[in-house]
Novice: 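I have a structure here, written as C-alpha cells, and I will follow up with some questions on it.
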There are 2 protein chains.
Amino acid sequence: MTYSLEQLRGFVAVAEELHFGRAAVRLRMTQPPLSRQIQKLEAAVGVQLLERDNRRVRLTPAGYAFLNEARRILAIAEAAPALAKRVSSGMRGVIKLAFTSASTFGILGRILDHLDLDLPEVHIELFEMVTREQLDALTAGDIDLGLARPPFDPELFESRLLHREALLLAVHEDHPLSELRRPVVPADLTREPLIFHSQQKARYFYDLVVSMVPLAQERVIHTVSQVITMLWLVSGGRGVAFVPESARLIGIPHVNYLPIATPIVDPVELHLLWPRRSDNPALPRAISALSFLMH
Amino acid sequence: MTYSLEQLRGFVAVAEELHFGRAAVRLRMTQPPLSRQIQKLEAAVGVQLLERDNRRVRLTPAGYAFLNEARRILAIAEAAPALAKRVSSGMRGVIKLAFTSASTFGILGRILDHLDLDLPEVHIELFEMVTREQLDALTAGDIDLGLARPPFDPELFESRLLHREALLLAVHEDHPLSELRRPVVPADLTREPLIFHSQQKARYFYDLVVSMVPLAQERVIHTVSQVITMLWLVSGGRGVAFVPESARLIGIPHVNYLPIATPIVDPVELHLLWPRRSDNPALPRAISALSFLMH
DNA sequence: TCGATTGATACCTTGACGGTATGACGTACT
DNA sequence: AGTACGTCATACCGTCAAGGTATCAATCGA
C-alpha cells in the first residue's frame with residue numbers, strides 16, 4: 001500500500017488549516033473526499049497523523065514529523081519541472097571543458113569568469129588534455145568544449161580562433177643571446193643546445209617551429225611535451241627553447257624571452273572548438289557567452 | 001497539470017533500465033501503460049525526459065536532472081512512513097526537559113548520557129526553570145519532564161524521587177566554624193551573617209531550612225534565589241549559607257562545606273516529574289530509560 | 001433542549017489506469 | 001533483398017478509485 005502526492009497535498013492543507021472544511025475549500029474540492037484522502041493516507045502510512053473529534057483537529061507527534069517530510073516531498077516535486085526546463089534550455093547544466101596545459105592559462109581564467117557571470121547555474125568541469133585527446137573526447141561526447149591548437153576536421157568540429165601570439169625564444173638571463181638587440185634568426189642558433197617539442201605529444205608546436213624556424217635539429221638535447229618543463233630546463237641553463245608568448249605568465253625565474261623573426265606575425269594559434277553534433281543544451285549558450293572572445 | 005509518484009517510479013525504472021519492456025517487468029506491469037505513464041509525465045513536466053526511437057532509449061540532459069529529483073522524492077516518500085512510526089512509538093522525537101539551575105548539575109549529566117544512549121533518535125531540549133515555572137510549563141504542555149523539588153500535585157503530576165542529599169553550611173575557609181569538629185547546630189549560628197533563600201523564588205529551600213534549622217532570621221543580610229550566587233557571596237566572605245551537598249560540584253574557591261545536625265538525614269530531595277496526561281510518545285520511553293535512577 | 005458546526009458515511013458517476021491486441025518502424029540475419 | 005524479430009506507440013475495453021451530493025452522528029453553546 002502506498003500513497004499519492006494528492007494525499008500529501010490534502011494532508012498538508014488540513015495540517016495547516018486544522019479544519020477539514022477550510023482545507024477542502026483551499027484545495028477546491030468538497031470535504032467528504034478530503035476526509036477519505038486523509039483516512040487512506042493514514043492507512044498507507046500505518047500511523048494516525050491527525051487527532052480529530054467532531055470539534056477540533058490536531059496533529060499527532062507522528063503527524064508533525066510526517067508533515068515535515070510531506071512538505072519536503074512537495075517542495076521538490078513542485079520545483080523539479082522548472083529545474084528540468086532550465087536544464088533543457090541550457091540555462092543550467094554541466095559543461096566539460098578541456099584545455100592544453102600551461103599555454104592556455106591566460107585565457108582560461110577569462111573564459112571561466114565570463115561563463116560564471118553569464119551562466120551561473122552551469123557548472124564547468126575542467127580537464128587537462130593535449131589536442132589529440134581533446135578531439136577524441138569531443139567525438140566520444142566525453143567533453144563539450146576544447147581549448148586547443150589546429151588543425152581540426154571541419155566535418156566534425158566547429159572552431160573559432162581565440163588568440164594569436166608570438167613565438168619567442170626562451171633563454172637563460174645570463175645567456176649571450178640576451179644581449180642581442182634584434183630578433184633571433186636561425187643562424188644564431190646553429191650551435192645552441194635546443195630543448196624541443198615532442199613530435200607526438202606536442203605536434204602542433206613541433207610542426208610550427210619546424211616550419212617557422214628552419215634549422216638542423218642535431219642540437220636537440222631534450223624532447224619535452226609541456227611548456228612549463230621547457231622553461232624549467234631553460235631556467236636551469238640546459239639550453240634554449242621555443243615557447244608561446246603566454247609562457248611569460250608562468251613566471252619562471254632567470255629566463256629571458258627573445259623575439260624571433262618568423263614569416264608571419266603571431267603564428268601561435270589557440271582555438272575554441274566543439275562538436276557539430278552535441279545534445280548538451282548548455283553548449284550553445286556557453287558558446288554565445290564566449291563569442292566576445294572570438295576573432 | 002501535475003504528476004504522480006507512480007509516474008516517477010515508472011520514470012526511474014525506465015531511466016535505470018533504458019528499456020521499457022524490462023522496466024515494465026520490474027514494475028510488475030505491462031509495457032503499454034508504462035509508455036503512457038512516461039508520456040503523461042513528460043507532458044506534466046513540460047520537457048522531454050527520454051530520447052527514444054524504436055531501437056534505443058536515452059536520457060536527455062533534462063531527464064538526467066529530473067531523475068535526480070525523482071530519486072530524492074521517492075527516497076523521502078519511502079522513508080517517511082517508517083519515520084512517522086518511529087515517532088509514534090516514541091523511539092524518535094523531542095523531549096523538553098526543565099531543570100532547576102545549579103543544584104541539578106550532578107544528575108543532569110547522567111540523565112542526558114543515558115537518554116542519548118537508550119534513545120539516540122530522541123532530541124533533548126533543555127530549559128532552566130524554577131519549580132513553580134516547571135509546574136506551569138508541564139501543565140501547559142510546554143515541557144515534558146521536570147527536574148524539581150516537592151511538593152507536586154499528585155492529581156496532575158507523576159513523580160519519582162531521584163536523589164536525596166544533605167543540607168550543608170557553606171562557610172569561608174578562614175571562618176572560625178571551619179575548625180568545628182562536630183555538626184553545626186542552630187546555636188552556633190546566632191551571631192552569623194546569613195545568606196538566605198528567597199521565599200518566593202526558592203521556596204523549597206526556604207521552607208526546608210526553616211523547618212530543619214529553627215533559628216531567628218534577624219541575621220539575614222542577603223536574600224538570593226540561586227545556589228551559585230550564594231556560594232560566590234560566601235567565597236567573598238559576606239556570610240554563611242545553607243546549600244545542598246551537590247553545590248560542592250560547582251567548585252567555587254575558598255568555601256568549606258560543614259555538616260549540619262538535621263532531624264532527618266539527607267533532607268534535600270530532587271524529583272523527576274511529568275504530567276499524568278501527555279501525548280508525547282517519547283515520554284514513557286524516556287521515563288523507563290531513566291527508571292534505574294529512581295528510588 | 002435545540003440549532004449550528006464539523007467530520008464521517010452512503011451512494012452514484014466519471015474518468016483514469018492497467019491489460020490485451022495490434023501497429024509502426026528499424027535492425028539483423030539468411 | 002526479404003523476412004523475422006525486437007521495441008515502443010496506439011486503440012480499445014473493463015475495472016476500480018476518486019470526487020460529488022445528500023445525509024448522519026456527535027459535540028458545543030445558547
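Every chain is numbered from 1, with letters handed out A, B, ... down the list of sequences. Side-chain atoms are counted along with the backbone in the values below, which use heavy atoms only and exclude waters and symmetry mates.
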Novice: Here's a test of your reading of the structure: between B:P33 and B:H19, which maps to the more 5' nucleotide of DNA chain D?
Specialist: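 This one resolves to B:H19.
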
Novice: Take atom CE of B:M29 and atom P of D:dA9, then tell me their distance rounded to the nearest Å.
Specialist: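 B:M29 atom CE is separated from D:dA9 atom P by 13 Å.
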
Novice: Does the side chain of B:Q31 get closer than 4.0 angstrom to OP1 or OP2 of D:dG6 through an N or O atom?
Specialist: no

Novice: Nearest whole angstrom, please: distance from the C1' of D:dC8 to the CD1 of B:I38.
Specialist: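 Rounded to the whole Å, the gap is 12 Å.
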
Novice: What does A:R56 touch in the nucleic acid at a heavy-atom separation under 4.0 angstrom: a base, only the sugar-phosphate, or nothing?
Specialist: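 Here A:R56 touches no strand at all.
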
Novice: Partners of B:D136 by salt bridge (charged side-chain N to carboxylate O under 4.0 Å, His left out), sequence neighbours excluded?
Specialist: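 B:D136: salt bridge (charged side-chain N to carboxylate O under 4.0 Å, His left out) contacts with B:R132.
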
Novice: So if I take every side-chain heavy atom of B:R36 and compare against D:dA9, D:dC12, D:dG19, which nucleotide ends up nearest?
Specialist: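 Nearest to the side-chain atoms of B:R36, counting from C-beta on, is D:dC12.
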
Novice: Taking atom C1' of D:dT7 as reference, at what distance in whole Å does atom CZ of B:R58 sit?
Specialist: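 That distance rounds to 16 Å.
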
Novice: Between D:dA9, D:dG20, D:dC8, which nucleotide has the shortest distance from any of its atoms to the side chain of B:P32?
Specialist: D:dA9

Novice: Determine the minimum heavy-atom distance between A:P275 and A:L138, stating which atoms define it.
Specialist: CD-CD2, 3.5 Å

Novice: Could you check how far CD of B:E51 sits from P of D:dC8, rounded to whole Å?
Specialist: 14 Å

Novice: Tell me, please, which residues at least two apart from B:R22 pass salt bridge (charged side-chain N to carboxylate O under 4.0 Å, His left out).
Specialist: B:E17

Novice: Of all the choices, D:dA17, D:dC8, D:dT10, which nucleotide is nearest to the side chain of A:K40 once you look at every atom?
Specialist: D:dA17

Novice: Contact boundaries of DNA chain C with chain A (under 4.0 Å, heavy atoms), 5' to 3'?
Specialist: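 Nucleotide range in contact with chain A: C:dT5 to C:dC11.
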
Novice: Has A:D144 got a side-chain atom pairing as donor or acceptor with A:K96's backbone, closer than 3.5 angstrom?
Specialist: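 Pair found, side chain donor or acceptor close to backbone of A:K96.
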
Novice: Which word best sums up how the rings of B:F152 and B:H271 line up, parallel for under 30°, tilted for 30 to 60°, or perpendicular for over 60°?
Specialist: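 B:F152 and B:H271: perpendicular rings.
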
Novice: Whether A:T30 contacts D:dG20 is assessed here as follows: a side-chain N or O lying under 4.0 Å from the phosphate OP1 or OP2. Is that the case?
Specialist: yes

Novice: Treating B:R285 as the side-chain partner and B:S89 as the backbone partner, does any N or O pair qualify as donor plus acceptor under 3.5 Å?
Specialist: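 At least one qualifying donor-acceptor pair exists.
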
Novice: Measure the distance from CD on B:E17 to P on D:dC8 and round it to the nearest whole Å.
Specialist: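 About 11 Å, once rounded to whole Å.
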
